[in-house]
Amino acid sequence: MYVTLLAILFASAFAQEMHLAANYSGDAFFDLWNYKSFEGTGIQLLTVYLIGVVNFTDQVFAREQNLLFVNSVGNIIMKTDNFTDGSSNSSFVRNSLQLLSKDPITPGTLMIMDAVHMPFGCAVWPAFWMNGGPNWPQLGEIDIVENINLATNNAYNLHTTQGCKASTQVQITGDLISTDCFNVTNHDQGCKVTDSDLSYGSGFANNGGGAFAFLWNDDGMKIWFFPRPTIPADLPSANPNPDTWGTPTAFYPSSTCDTTKFFGPQTLILVESTVIFSLPTSWLTTLPEICSYVQEINVCGNFAVEKFNDTCSSVAAQCTDVVPNPAAFDEAYFEIRYITTFSNSTILKANTTGGSSSSDPSPSGTAGSQTPSAQANSKSNGHSLSILGPLSVLSGAVALLFAFASY
């Protein structure tokens with residue numbers, strides 16, 4: 001009996017190591033990110049970018065144009081311009097947003113995003129993903145949300161250097177499409193898992209959205225998607241427990257991909273409706289080397305062309321024909337209730353902008369009404385909270401065990 005009790009107490013102790021590190025919600029959301037600002041209208045071979053027909057704006061302009069705001073129920077709205085008619089401008093590009101987190105995602109992290117709506121539509125490419133830095137793919141890439149145009153299901157993916165693979169021996173609820181994460185294999189297909197038609201596009205929006213959770217621990221990397229009616233009760237709480245969430249949608253175990261080798265600290269990237277740039281088919285045979293260096297925008301020739309023709313051929317002859325029409329982007333917006341990160345690391349993370357120590361417990365922003373109850377204990381300025389050491393939790397468990405024993 002005591003052995004069973006000890007096992008329960010130890011499991012409880014270690015579950016309690018996970019503490020809220022950052023809460024991206026409400027008015028505090030805006031200053032927790034760096035804003036990627038540049039205009040792209042094609043391929044810049046000298047800098048090896050593949051860029052969409054899009055202008056990524058800074059925070060000030062985005063808020064002035066109502067591309068970024070908190071709505072009446074406290075949710076974050078992040079959208080592409082759907083009000084400017086570009087039909088009379090042959091060089092027109094559409095305004096949108098790309099946000100990069102100031103705090104890194106590291107091993108021992110649980111990240112959750114709860115969204116009511118995500119962008120979709122012809123010429124639209126939203127993404128919620130992570131990147132290890134400018135030497136891609138040396139420190140890896142993790143795609144949590146990604147698809148294109150009028151696709152109906154989300155895709156999860158890893159992109160790495162050679163040697164990382166997905167496993168066919170673990171249980172997942174998604175469909176494993178490819179196992180090799182090496183960025184050169186099959187034109188950088190990655191080790192892809194696809195999800196249900198509730199995970200993306202109109203199906204996601206019509207079902208009230210849902211929540212994505214990403215866990216990076218010694219077991220590897222796990223991703224869950226929960227449609228709105230199935231979100232676990234503890235997920236929006238101060239103490240989410242992935243051990244109770246059942247089989248993940250995608251799972252990349254350490255046994256086939258050593259995450260300490262293939263991944264470094266990741267920057268969380270939220271891309272609002274990158275407009276896809278269509279490339280002529282003649283380019284496709286020359287793109288693999290170029291695509292292997294593409295970062296941040298994730299526009300890679302064959303993917304854009306093939307997917308546009310698959311789902312939007314009845315709308316326009318090519319993707320760029322859609323761009324001038326503002327009405328085409330009416331569904332091109334995120335509505336996010338919150339993004340939270342939890343950590344079991346005993347090392348305090350410093351804000352990457354060079355801010356003060358994250359041990360300061362005072363809040364500096366206001367949370368929206370839809371944020372998790374954990375907000376009461378969180379920092380809202382992007383710094384991380386100090387973490388309760390495992391020994392203090394363990395000592396309490398041991399004391400409780402002795403109490404039971406003496407009884």
Open item on the list: disulfide (SG to SG under 2.5 Å) for C312 and C122? Distances and angles first, verdict last.
Closed with: CA-CA 6 Å; C312 292; C122 293; 2.1 Å; yes

Would you say the side-chain atoms of [X] and [Y] include a donor-acceptor pair closer than 3.5 Å?
| X | Y | value |
| --- | --- | --- |
| W129 | E141 | no |
| N89 | S91 | yes |
| S237 | N239 | no |

Using modelled atom types and a 3.5 Å cut-off, is there a donor and acceptor pairing between side-chain atoms of [X] and backbone atoms of [Y]?
| X | Y | result |
| --- | --- | --- |
| Y200 | I148 | yes |
| Q318 | A316 | no |
| E331 | P119 | no |
| T267 | S101 | no |
| S87 | P324 | no |
| N206 | S202 | yes |

Self-check item: The single option from F30, Y338, W33 passing ring pair (Phe, Tyr, Trp, His ring centres under 6.0 Å) against Y24
Solution: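 Of the listed residues F30, Y338, W33, the ring pair (Phe, Tyr, Trp, His ring centres under 6.0 Å) partner of Y24 is W33.
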
Tell me, do [X] and [Y] make a side-chain contact under 4.5 Å, heavy atoms counted?
| X | Y | result |
| --- | --- | --- |
| V170 | Y252 | no |
| D81 | F329 | no |
| V116 | N75 | yes |
| P326 | T84 | no |
| N149 | V315 | no |
| K36 | I269 | no |
| C257 | F263 | yes |
| L110 | P240 | yes |

For the atom pair [atom1] ([X]) and [atom2] ([Y]), what is the distance rounded to the nearest 0.5 Å?
| X | Y | atom1 | atom2 | value |
| --- | --- | --- | --- | --- |
| L150 | T311 | CG | OG1 | 4.5 Å |
| Q138 | F262 | CD | CZ | 10.5 Å |
| K192 | L176 | NZ | CG | 11.5 Å |
| N241 | M18 | CG | CE | 9.0 Å |
| F29 | D27 | CZ | CG | 11.5 Å |
| K79 | F334 | NZ | CZ | 14.0 Å |

Hey, are D114 and R228 close enough for a salt bridge, meaning a charged N less than 4.0 Å from a carboxylate O?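 Yes, this pair counts.
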
Pairwise side-chain hydrogen bond (donor to acceptor under 3.5 Å, both in side chains) hits with a residue in residues 167-177, at least two apart:
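Those involving residues 167-177 do not exist here.
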
Exercise for review: Test V93 against V323 for side chain to side chain contact (heavy atoms under 4.5 Å, CB included), laying out the working first.
Suggested key: CA-CA 7 Å; V93 294; V323 177; over 6 Å; no

Exercise answer: donor-acceptor pairs, residues 58-68 side-chain atoms, under 3.5 Å, sequence neighbours excluded:
residue : atom : partner : partner atom : Å
D58     : OD1  : V60     : N            : 3.4
D58     : OD1  : F61     : N            : 2.8
Q59     : NE2  : D31     : OD1          : 3.4

Any idea which heavy atoms bring [X] and [Y] closest together, and the distance?
| X | Y | result |
| --- | --- | --- |
| Q266 | N131 | OE1-N, 3.2 Å |
| W216 | G264 | CH2-O, 3.6 Å |
| F214 | I105 | CE2-CG2, 4.2 Å |
| V73 | E335 | CG2-OE2, 4.2 Å |
| A205 | H117 | CB-CD2, 3.5 Å |
| P236 | P232 | CD-O, 3.5 Å |

Keeping to residues at least two apart or across chains, list the salt bridge (Lys or Arg N to Asp or Glu O under 4.0 Å) pairs with something in residues 117-132.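 Listed by first then second residue: nothing to list.
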
Between Y35 and L97, is a side chain to side chain contact (heavy atoms under 4.5 Å, CB included) present by the stated rule, with each step listed? CA-CA 7 Å; Y35 291 74; L97 287 157; 4.2 Å; yes

(request) Would you check, one step at a time, whether the test side chain to side chain contact (heavy atoms under 4.5 Å, CB included) holds for T249 with F212? (result) CA-CA 10 Å; T249 311; F212 298 89; over 6 Å; no

Contacts under 3.5 angstrom, residues 151-160 side chains, donor-acceptor by atom type, not counting sequence neighbours:
residue : atom : partner : partner atom : Å
N153    : ND2  : D195    : O            : 3.3
N154    : OD1  : E146    : N            : 2.7
N154    : ND2  : I144    : O            : 2.9
Y156    : OH   : D195    : OD2          : 2.5
N157    : OD1  : C191    : N            : 2.9
N157    : ND2  : Q189    : O            : 2.8
H159    : ND1  : D188    : OD1          : 2.7
H159    : NE2  : D143    : OD2          : 3.1

Show me the side-chain donor-acceptor pairs of residues 217-227 shorter than 3.5 Å, one per line, residues at least two apart or across chains.
residue : atom : partner : partner atom : Å
N217    : OD1  : D219    : N            : 2.9
W224    : NE1  : G246    : O            : 3.1

Output all residues satisfying side chain to side chain contact (heavy atoms under 4.5 Å, CB included) with S313, sequence neighbours left out; order by chain, then residue number.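 S313 satisfies side chain to side chain contact (heavy atoms under 4.5 Å, CB included) with no other residue.
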
(request) Kindly indicate, with the supporting measurements, whether the criterion side chain to side chain contact (heavy atoms under 4.5 Å, CB included) is fulfilled by W136 and N183. (result) CA-CA 10 Å; W136 187 94; N183 72 295; 3.8 Å; yes

